[in-house]
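The block underneath contains the structure these notes are about, expressed in structure tokens.
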Amino acid sequence: MTDSQTTTTTTGKIESLLEAHETLSASADPKPEDLPPHARVVVHTDVPYAPRCRFFPGKAKEMIGAILKEKLTGATYDADTAPMCVREITDAIKAKLKEMDLDRYKLVVQAVLGEQRGQGFQMSCRCFWDPNTDNYAHESFANDSIFCVAGAFAMYLY
Amino acid sequence: MARAILDEGVFLADEINGIIKDSIDEAIVSSQFNHDKVTHWTNGIAEVCMKRLTNLAKPFKYIVTCVIMQKNGAGMITATSCFWDRDTDGSRTIRWENKSMYVIVTVFGIAI
């Protein structure tokens with residue numbers, strides 16, 4: 001008789017404990033705002049690893065065109081100064097891209113500067129990357145003496 | 001083995017010299033510059049190069065650019081400027097020429 005009594009009391013205790021636990025966990029459903037910053041978990045379900053800011057090819061194209069115009073308008077081809085000139089162009093484009101607030105983007109800028117003598121010229125590129133985040137822009141410039149093609153590629157680092 | 005693991009995520013420029021050269025040789029063989037074929041050549045070289053690079057199955061994003069210019073005494077300069085992780089990423093440029101044209105192929109490998 002005594003034995004059975006003790007058992008009922010213990011089971012009763014467990015039940016009440018479980019109830020208490022349930023109500024506690026229900027009432028203390030943690031909201032992200034209430035948690036300290038380090039404990040907040042934000043789950044992105046729509047686009048995983050989405051970049052905060054994107055590379056806009058239109059803007060970049062305009063910027064590249066402006067730099068090419070500024071550096072090359074009225075210029076003539078000179079074999080001695082051309083290497084310096086093309087390096088300045090690529091560095092200027094890269095510097096401008098860095099100003100465009102491209103957080104976590106890796107940048108590649110390539111420019112080709114050549115002498116205009118009526119020769120045939122063809123350039124093409126292939127990219128193997130994530131089309132959701134990565135993109136490129138290119139622009140060309142030509143006058144009577146020189147031609148220049150510059151391309152900028154931006155790749156997101158996850 | 002340890003070295004293989006270390007090299008897994010690093011762009012080894014010397015490894016792809018052969019890939020680039022083979023792609024150019026196969027596309028052009030011993031042809032002379034031809035306006036009608038040059039678009040086909042640049043696209044072909046870039047595509048074949050890319051196919052072989054992806055077959056290496058390394059964790060990289062790749063950019064392949066191919067330039068073909070007819071030879072007539074005109075000068076040409078190309079330059080690149082990059083913002084990336086110097087330890088893992090890299091590029092390789094191969095210049096190839098025959099009697100009538102220059103071919104310049106540049107491969108960039110960017111670690112994911």
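Worth saying up front: this structure is predicted, and the values here are computed from it rather than measured. Letters A, B, ... are given to chains in the order of the sequence lines, protein chains preceding strands, and every chain is numbered from 1.
Most heavy-atom pairs under 4.5 Å with chain A, from the set Val38(B), Ile45(B), Thr42(B): that is Thr42(B). Of the listed residues (Asp130(A), Ile89(A), Val112(A), Val149(A)), the greatest number of heavy-atom pairs within a distance under 4.5 Å of chain B belongs to Val112(A). For chain B, the option among Ile146(A), Val86(A), Val108(A) with the highest count of heavy-atom pairs below 4.5 Å is Val108(A). Top candidate by heavy-atom pairs under 4.5 Å with chain A, chosen from Ala46(B), Cys66(B), Cys49(B), Ser91(B), is Cys66(B). Ranked by non-hydrogen atom pairs under 4.5 Å with chain A, the options Tyr102(B), Tyr62(B), Trp41(B) are led by Tyr62(B). Each of Ala82(A), Cys127(A), Cys125(A), Gly120(A) has some count of heavy-atom pairs under 4.5 Å with chain B, and the biggest count is that of Gly120(A). Ranked by non-hydrogen atom pairs under 4.5 Å with chain A, the options Thr65(B), Thr78(B), Ile77(B) are led by Ile77(B). Contact count against chain A (heavy-atom pairs under 4.5 Å) is highest for Thr54(B) among Val105(B), Thr54(B), Ile112(B), Asp85(B).
Within 6.0 Å of CG in Asn55(B) there are more than 12 heavy atoms belonging to other residues, nucleotides or ligands. Annotation for Phe121(A): atom CZ counts as buried by contact number, over 12 foreign heavy atoms lying within 6.0 Å. Around atom CZ of Arg117(A), more than 12 heavy atoms belonging to other residues, nucleotides or ligands sit under 6.0 Å away. The local environment of CZ in Arg87(A) is sparse, with at most 12 non-hydrogen atoms from other residues, nucleotides or ligands closer than 6.0 Å.
Residues Ile24(B) and Met50(B) are members of one and the same hydrophobic cluster, defined by side-chain heavy-atom contacts under 4.5 angstrom among Ile, Leu, Val, Met, Phe, Trp and Tyr. At a threshold of 4.5 Å between side-chain heavy atoms, the hydrophobic network of Ile, Leu, Val, Met, Phe, Trp and Tyr places Phe55(A) and Ile67(A) in one connected group. Tyr105(A) is connected to Val109(A) through a chain of hydrophobic side-chain contacts under 4.5 Å among Ile, Leu, Val, Met, Phe, Trp and Tyr, so both are in one cluster. Residues Ile28(B) and Met69(B) are members of separate hydrophobic clusters, defined by side-chain heavy-atom contacts under 4.5 angstrom among Ile, Leu, Val, Met, Phe, Trp and Tyr. In the hydrophobic clustering of this structure, Leu68(A) does not group with Phe147(A); members are Ile, Leu, Val, Met, Phe, Trp, Tyr whose side-chain heavy atoms approach within less than 4.5 Å, directly or through other members.
Rounded to the nearest 0.5 angstrom, Phe153(A) CZ and Lys61(B) NZ are separated by 13.5 Å. Taking CE of Met76(B) as the start and OH of Tyr77(A) as the end, the distance is 8.5 Å to the nearest 0.5 Å. Taking CD of Gln122(A) as the reference point, atom CZ of Phe33(B) lies at 8.0 Å (rounded to 0.5 Å).
Side chain of Glu115(A) to main chain of Gly75(B): a donor-acceptor pair is present (N/O by atom type, distance under 3.5 Å, no hydrogens or angles).
With a 4.5 Å cut-off on non-hydrogen atoms, Leu157(A) touches chain B through its side chain but not through its backbone. When heavy atoms are compared at a cutoff of 4.5 Å, Tyr136(A) does not approach chain B at all. Only the side chain of Phe108(B) comes within contact range of chain A, judged by heavy atoms closer than 4.5 Å.
With Met123(A) as the fixed residue, the side-chain contact (heavy atoms from CB on, under 4.5 Å) test singles out one of Ile104(B), Ile68(B), Val67(B): Val67(B).
Applying the side chain to side chain donor-acceptor pair (under 3.5 Å) test to residues at least two apart or on different chains, none of the pairs has a partner in residues 60-72 of chain A.
In this structure, Gln119(A) and Ala74(B) approach most closely via the heavy-atom pair NE2-CB, 3.3 Å. Taking both residues in full, the closest heavy atoms of Asn43(B) and Ser124(A) are given as OD1-CB, 3.5 Å, listed atom of the first, atom of the second, then distance.
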_Pair Ile63(B), Gln110(A) - check side-chain contact (heavy atoms from CB on, under 4.5 Å), show working._
CA-CA 11 Å; Ile63(B) 299 171; Gln110(A) 185 176 30; over 6 Å; no

N/O donor to acceptor pairs below 3.5 angstrom from side-chain atoms of residues 91-101 of chain A, sequence neighbours left out:
residue: Asp91(A); atom: OD1; partner: Ser81(B); partner atom: OG; Å: 3.0
residue: Lys94(A); atom: NZ; partner: Ser81(B); partner atom: OG; Å: 3.4
residue: Lys94(A); atom: NZ; partner: Cys82(B); partner atom: O; Å: 3.2

